[in-house]
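Here is the structure we will look at, set down as structure tokens.
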Amino acid sequence: MGLLSDPNRRRALISLLTRLNAPICVVCYMAGVVWFMGLAFEPFTLRTYMSENAMGSTMVEERFPSGERALATGREFAAHKKKVGGMPVDWLVKTMQARGLEVFTQTFSRTLPFPDENKERYMVKGTNVYGILRAPRAPRTEALVLSAPCTQGDHNNQAVGLLLGLAQYFRNQIYWAKDIIFLINEHDLIGMQAWLEVNMGRGGSIQAALSLELSSDVITSMDLVLEGLNGQLPNLDLANLFYAFCQKIGVLCTIQGKLQRNDWDSVSGYSHSVQTMMLMVMKQASGRPWGDHGLFLRYHIEAATIKGINSFRQYKTDTNTIGRLLEGMYRKLNNLLERLHQSYFFYLMPSLSHFVSIGYYMPAFGLLAVILLLRALDLWVQLASPPPGTEDGVVDTEQMWSPDVLSVLTPLVISHLTGVALYYLPIHFQKMALEHFPVSDTEAVVLTAIAVYTAGLALPHNTHRFVSGEGTEHGWRVLKLVAVLYLAVLLGCTALINFSLGFILALTLVPVAAFVTPHVPKVPSAFVLVILSPACTLLFSVFFFQELQEVPISFQDGWVLYLSVISQGILDHSLYGSLVYPLIALLVYPCWLLFWNILFWE
Amino acid sequence: MAAPLTLLLILAVTIRAALYRSSLADLIAERVEVVSPLTAWKRVVEGLALLDLGVSPYAGDVFHETPLIIYLFHFLVDYAEITFMVTDVITAVALYLAVKDYNKQVFRKQKYALEAERYPLDCLELIRSPKEMYYIPLKVAMFYLLNPFTILSCVAKSTCGLNNAVIALFILTTIKGNVLLSAIFLSLATYQSIYPLTLCAPALLYLTQRQYIPVNFRRFSFWWFVAQYAFMYLGSLFVMICLSFFLLGSWDYLPSVYGFILSVPDLTPNIGLFWYFFAEMFEHFRLFFLCVFQINIFFYTIPLSIKLKEHPVFLIFMQLAVISIFKSYPTVGDIALYLAFLPVWSHLHRFLRNIFLVSCVLLACSALFPVLWHLWIYAGSANSNFYYAITLLFNVAQVGRTVTETKVHLAASVSGFVYRSCCLTVT
């Protein structure tokens with residue numbers, strides 16, 4: 001505080017900050033990016049370790065014997081599924097009852113705001129079947145969930161078979177202290193959402209959940225999926241548990257489909273972990289659930305999806321081993337005395353055995369955010385010092401302030417109204433667009449969104465001139481100060497909820513916020529501004545994501561994928577309450593429009 | 001001047017009416033930053049239901065508002081939204097009139113001083129032109145009505161709006177110099193939430209100065225005036241308390257309202273400093289720290305009254321700020337009331353240090369409250385420490401702002417700027 005209260009030092013500090021503002025900003029930006037890239041470097045990360053005492057060791061004897069029988073059940077399930085042409089509810093109920101579970105079914109129906117072309121569904125009707133294995137030695141207060149989605153076609157039959165096999169095996173064990181709910185959900189996340197809405201609490205409070213995806217009789221590796229709705233992650237101990245048992249049983253395990261490597265000091269090893277981490281960042285930033293577990297997280301239930309992957313490796317794992325892996329994990333979860341809370345909730349994983357905690361990755365974002373504060377300080381100093389030439393600054397500033405309020409308020413209101421239009425119009429104008437243009441439903445929604453977005457750029461942005469005559473130097477500075485602070489608060493809040501999204505937005509929007517003034521050359525700056533706008537960021541992210549997954553696509557396919565990503569974003573919002581679409585439409589886009597406004601200030 | 005004020009009122013009422021109709025209203029009414037256990041509308045409804053059933057509204061441990069409020073809403077419950085909008089309008093108009101009157105006095109003093117050529121040259125910039133003073137009352141009303149905090153508070157139907165109206169009327173009647181009404185409204189405010197008791201000191205200082213009674217403890221006229229005021233104040237307080245007793249037929253409300261305010265049994269997180277501290281504390285220290293925390297609020301009255309005895313209106317502002325920071329169940333509505341006074345001292349803002357930093361912190365904290373609440377309660381990934389950190393920062397920023405404001409005000413008066421020019425003093 002001494003530094004700030006001594007007027008001389010304070011003045012020196014401020015003059016230093018304003019004089020060196022641009023270089024400091026550039027250095028901060030570089031440092032932020034470098035820091036972020038450094039996070040994937042193994043010596044800078046922490047090894048994962050189990051924090052939860054109750055799950056401390058893997059000293060459990062796994063004995064699950066009936067892998068073959070589980071596969072046979074899976075085949076039987078597939079046959080019934082084909083016969084019924086959907087979920088074989090009766091067969092499932094009968095089979096579960098035969099295994100001694102308390103069985104319930106739940107029918108649900110939901111109409112999507114517009115047809116989902118990826119999964120070809122519009123009016124969804126389905127049934128969830130679940131059986132509860134009551135704990136023999138405990139009150140019905142706590143529960144664990146094992147779920148497997150019943151998907152169309154030939155997928156995931158083995159997962160259902162294994163789930164039923166485990167149910168039978170678990171039934172004969174006496175050590176369960178928590179109810180175990182075996183859930184088979186139809187229509188993946190929609191079914192899961194319906195189940196969670198209705199059944200929270202029927203089997204006691206759910207402490208952890210695993211979702212199983214398995215589509216072949218033998219697998220080569222198990223993949224762990226953590227990213228849930230709005231970028232929420234389960235407690236790191238769940239990942240640790242999975243990793244520990246994979247190590248013990250000798251199953252190859254991956255995260256983001258990437259195996260772990262030991263050569264961190266080589267270039268290829270480093271780029272491998274950068275790739276893994278970036279995949280996690282991109283997935284988290286998308287804000288959508290990347291597995292059926294994703295919706296559990298919002299109800300305070302730690303959950304993950306485990307996927308069996310069958311690639312061309314020599315090393316094969318049979319169903320018995322996967323059964324033993326799950327048995328081990330459930331027995332450890334059974335030991336929990338309270339919810340998983342000891343370990344981290346905010347982390348990034350450059351590999352399954354290493355993680356970066358919030359304390360390490362936040363500085364990367366902080367370095368970017370500090371640029372905004374520095375620019376704001378600079379503007380504040382410029383605004384506070386009276387303009388040269390006028391002697392009595394008091395009266396002058398007073399006179400200048402009043403019209404400025406209006407000339408700042410007008411663009412603020414207009415850009416937010418554009419944002420509101422971007423949020424509401426795509427779904428509400430769907431019908432009208434369908435009548436007038438030869439497009440499908442999804443295209444109608446997405447193209448309306450893009451049209452509104454582009455129309456926002458073309459709006460007459462010099463409205464302040466109607467209000468207060470010529471825009472003044474003072475006017476755009478006030479507007480920019482407001483916009484910069486707005487962006488700083490917005491990005492800060494976003495980064496707290498979803499670090500990846502906040503960081504990606506900061507990477508593109510902070511340079512815009514830092515350099516835009518009405519005096520930079522218009523055409524190239526406008527081009528840069530458009531390139532760094534949220535919509536283009538999304539387009540680049542789509543290509544970058546494909547690149548990271550090592551399935552590069554042509555521009556044509558990329559564009560189609562881009563459109564489907566937008567429609568998925570809107571669907572995710574209306575179905576599960578994902579926040580990314582409203583965040584972009586109602587807050588980020590209007591904020592970006594303010595900078596667009598400043599560029600064309602006259 | 002009436003036209004812009006009317007426009008402002010219409011705009012403010014429109015915003016509120018629109019928000020009442022939107023789906024946001026329910027969301028806002030649940031926010032802990034906006035409603036406290038004392039002021040929540042949900043609890044008032046519960047109290048009304050109990051009253052209708054013929055049970056004492058204080059029978060459960062839910063309702064903690066005063067009996068007069070519940071009888072007020074007994075008649076007005078169907079018009080609750082209109083009541084709250086009207087209350088806000090009353091507050092704004094009262095503040096508008098009060099500040100207008102106050103400015104007139106300031107300007108008169110300034111004119112006398114100018115004619116007597118008592119202004120030193122170096123403080124000419126502190127002389128306030130009639131033009132800029134002309135807009136201040138409107139700005140005050142605007143700061144109150146369009147402040148997001150007030151809007152949130154009104155949309156949540158927090159009874160804090162009623163308390164603010166009472167305090168605003170108290171300020172208006174005091175500045176108009178009406179001793180009786182001032183005492184009545186002050187006792188009403190005290191009856192509502194105890195803490196406005198500390199506003200006694202500035203009211204007395206202002207009224208004595210207005211009636212040209214010197215603040216001198218050895219003078220009989222001073223004590224006589226104090227006795228008169230105290231009699232009116234205590235008398236109306238007594239009437240209100242007895243009225244409450246006769247309405248309810250029991251003294252239930254005393255522990256349930258005032259005991260609740262003073263002993264802080266409800267530790268629901270809010271933007272204040274009590275909840276975390278008392279949730280963490282060992283039980284046997286509780287009483288001690290309770291006393292410390294509560295005395296803390298009342299204690300500032302003495303030094304501030306001594307230091308600011310020439311500037312009672314500024315003292316009212318300070319007291320309101322202190323109350324809204326340190327009271328046991330603060331909400332954003334309390335903060336809105338003292339923020340409304342900022343335009344009155346707008347000529348001093350250029351001298352405030354770190355005002356930029358402090359304003360940024362307040363802004364950022366206001367946005368972070370709901371975010372960290374979401375992370376703590378819904379996502380389960382953050383915990384109470386995160387939320388309290390923001391609470392603490394928010395209050396530190398408020399305290400910082402209040403302290404610098406006082407310092408600048410004092411510096412301005414002591415170094416002769418304002419003192420000699422009598423720019424801000426009333427007498």
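Remember, predicted model here, so these are calculated numbers, not experimental data. Below, chains carry the letters A, B, ... as their sequence lines are ordered, and counting in each starts from 1.
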Q: Carefully, step by step, assess Phe499(A) and Phe346(A) under the rule ring-ring contact (aromatic ring centres under 6.0 Å, His included).
A: CA-CA 8 Å; Phe499(A) 166 77; Phe346(A) 299 99; 9.8 Å; no

Q: Name the region of Leu481(A), side chain, backbone, both or neither, that has any atom closer than 4.5 Å to a heavy atom of chain B.
A: side chain

Q: Identify which part of Leu490(A) has an atom lying under 4.5 Å from any heavy atom of chain B, answering side chain, backbone, both or neither.
A: neither

(Q) Is it the case that over 12 heavy atoms from other parts of the model lie below 6.0 angstrom from the CZ atom of Phe386(B)? (A) yes

Q: For Tyr299(A) and Glu197(A), work out which heavy atoms get closest and say how close.
A: OH-CG, 4.1 Å

Q: Quick one: closest heavy-atom pair of Asn235(A) and Leu340(A), and the distance?
A: ND2-O, 3.6 Å

Q. What residue, out of Leu377(A), Leu297(A), Leu233(A), has the most heavy-atom pairs lying under 4.5 Å from chain B?
A. Leu377(A)

Q: Give, as side chain, backbone, both or neither, the part of Ala488(A) having an atom under 4.5 angstrom from any heavy atom of chain B.
A: neither

